[in-house]
Amino acid sequence: MTRQQLAIALAVSTITLSSCASAQPTGLEASPSRPEQSLPDGAGPVSAAYKDIVYRSVDGRDLHLDLYTSSRSNGRASPVLVYFHGGAWARGQRPESWRGYSRYLEKGYAVITVQYRLAGEAKAPAAVQDARCALHWVAENADRYGFDREKIVAHGTSAGGHLALMASYLEPEDGLDPSDCKQVPQVAAVLDFYGPTNLAQAYNGATGRHSSVVRWVGDYPGAREMDVRMSPITYVGPAVPPTMIVHGDHDEVVTIEQSRELLAALKKAKVPTQMVVVPGGGHGKFPASEKKRIAGEVDRFLSRNGIN
């Protein structure tokens, strides 16, 4: 099935699944629900924290992001790290603090952590659309917050890695972007940490559809087609951004074959890519020594691709 055929089928499915949906654009007028927080001495690389910014309103529901700006930007436009949390599209929340991203802030990045609709609230493609809208918000508010539109890095872990890939690989002609979030910017690089990449295959060694996919996509006629449409592997081509993959070779939640399949497709399309394999590593929670090694590889990957 071609991308055009996928777009047509997806448009029909989206209309069917969300015929009652309505959304309000936020755009440049979007402002924090709470004002900028003053930070105590010793806040290190953070110059300001903006909590609970509404980036999208859909079906009467406000979706939020947190923004941390860097005190190390030296007056220059900041590259932006946009982080999507994991949790099988069904649970989890954005981190409450910037501290897990301090090394990016030290390098002058702004850091954004994103809330998106979970499976219990809205089925696929809702979370992917929210992720696309978060990127739209970054571009729309670049001047206001001093972002470099050419240096947006999408990052996620587990299901968040999947969303980072989908948000970065989709194109407008794929027919997924909602009307309130047109003109999504081109992402400069993706950091995919052990995210599922092919939802049409069971990715934990089981047979049949993965239970997390069934929970998120649903179980209805045509659901398997939606599995394909919600798979990053479907959209790999020469135009997708440079992609770094991290995966443990003992991951029993999302098996490493998912990342190896993505790596092979990216190489075939001649997309700059790299995969870091963590020996003995499970589904995240890597040893400190491996985290340090991964951090160094990430820095070098971003530098090679003109972002750091």
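These values consider heavy atoms only, across backbone and side chains, with no hydrogens, waters or symmetry-generated copies.
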So does [Y] get a backbone contact from the side chain of [X], meaning a donor-acceptor N/O pair under 3.5 Å?
X      : Y      : result
His136 : Val184 : no
Glu252 : Gly282 : no
Asp174 : Leu176 : no
Tyr55  : Gln115 : yes
Ser168 : Val190 : no
Arg91  : Leu118 : no
Ser231 : Ile233 : no
Asn305 : Leu302 : no
Thr255 : Val253 : no

Does a sphere of radius 6.0 Å around CD in Gln186 hold more than 12 heavy atoms from other residues, nucleotides or ligands, not counting ones at 6.0 Å or beyond?
yes

Neighbour count >12 (heavy atoms, 6.0 Å) for atom NZ, Lys182:
yes

Distance only, no hydrogens: is a donor on one side chain within 3.5 Å (strictly under) of an acceptor on the other, for [X] and [Y]?
X      : Y      : value
Asn308 : Tyr109 : yes
Ser70  : Ser78  : no
Glu261 : Asn198 : yes
Glu297 : Gln274 : yes

Could you walk me through whether His210 and Val214 pass side-chain contact (heavy atoms from CB on, under 4.5 Å), step by step?
CA-CA 6 Å; His210 193 287; Val214 173; over 6 Å; no

Are side-chain heavy atoms of [X] and [Y] found at a separation under 4.5 Å?
X      : Y      : result
Val114 : His64  : no
Val58  : Leu63  : yes
Thr157 : Asp192 : no
Pro242 : Arg304 : no
Pro238 : Lys270 : no
Val298 : Met244 : yes
Gln258 : Pro196 : yes
Thr113 : Leu65  : no

Aromatic contact, [X] with [Y] (centres under 6.0 Å):
X      : Y      : value
Tyr68  : Tyr101 : no
His162 : Trp216 : yes
Tyr169 : Tyr235 : no
Trp137 : Tyr145 : yes
Phe193 : His247 : no
Tyr194 : His283 : yes

Asp52/Arg94 under salt bridge (Lys or Arg N to Asp or Glu O under 4.0 Å): CA gap, chis, key distance, verdict
CA-CA 11 Å; Asp52 294 324; Arg94 67 194 190 281; 2.5 Å; yes

Separation between [atom1] of [X] and [atom2] of [Y], rounded to the nearest 0.5 Å:
X      : Y      : atom1 : atom2 : answer
Leu67  : Asn141 : CG    : CG    : 9.0 Å
Arg132 : Cys181 : CZ    : SG    : 9.5 Å
Leu199 : Met226 : CG    : CE    : 11.0 Å
Leu135 : Glu140 : CG    : CD    : 12.0 Å
Lys268 : Thr273 : NZ    : OG1   : 15.5 Å
Ser71  : Leu105 : OG    : CG    : 8.0 Å

Would you mind checking if [Y] and [X] are paired as a salt bridge, meaning a charged N to carboxylate O distance below 4.0 Å?
X      : Y      : answer
Lys51  : Asp66  : yes
Glu106 : Arg103 : no
Asp249 : Arg260 : no
Arg229 : Glu225 : yes

Under 4.5 Å between side-chain heavy atoms, counting indirect links through other Ile/Leu/Val/Met/Phe/Trp/Tyr residues: same cluster for Val277 and Ile245 or not?
yes

Single-linkage hydrophobic cluster, 4.5 Å side-chain cutoff, Val213 and Tyr220 together:
yes

Exercise: identify the closest heavy-atom pair between [X] and [Y]:
X      : Y      : answer
Gly108 : Pro79  : O-CD, 3.8 Å
Ala223 : Gly218 : CB-O, 3.6 Å
Ala154 : Val187 : N-CG1, 3.9 Å
Gly237 : Val271 : O-CG2, 3.3 Å
Gly306 : Lys151 : O-CE, 3.4 Å
Pro279 : Glu290 : CD-OE1, 4.1 Å

Evaluation steps, side-chain contact (heavy atoms from CB on, under 4.5 Å), between Val128 and Leu163:
CA-CA 6 Å; Val128 172; Leu163 292 177; 3.8 Å; yes

For side-chain contact (heavy atoms from CB on, under 4.5 Å), just list the numbers for Trp98 and Val111, CA-CA rounded to whole Å, side-chain angles, deciding distance to a tenth of an Å, and then say yes or no.
CA-CA 8 Å; Trp98 54 268; Val111 172; 6.0 Å; no

With under 30° as parallel and over 60° as perpendicular, where do the rings of Phe84 and Tyr116 fit, or are they tilted in between?
tilted

What residue pairs, at least two apart or across chains, pass disulfide (SG to SG under 2.5 Å) with a residue in residues 60-129?
none

Step by step, work out the salt bridge (Lys or Arg N to Asp or Glu O under 4.0 Å) result for Asp130 and Arg117.
CA-CA 7 Å; Asp130 296 342; Arg117 287 173 292 168; 2.9 Å; yes

Step-by-step side-chain contact (heavy atoms from CB on, under 4.5 Å) determination, Lys123 to Val217:
CA-CA 5 Å; Lys123 300 298 185 186; Val217 172; over 6 Å; no

Paired with Thr197, the side chain to side chain contact (heavy atoms under 4.5 Å, CB included) test is passed by just one of Val236, Val254, Thr234, Leu165, namely Leu165

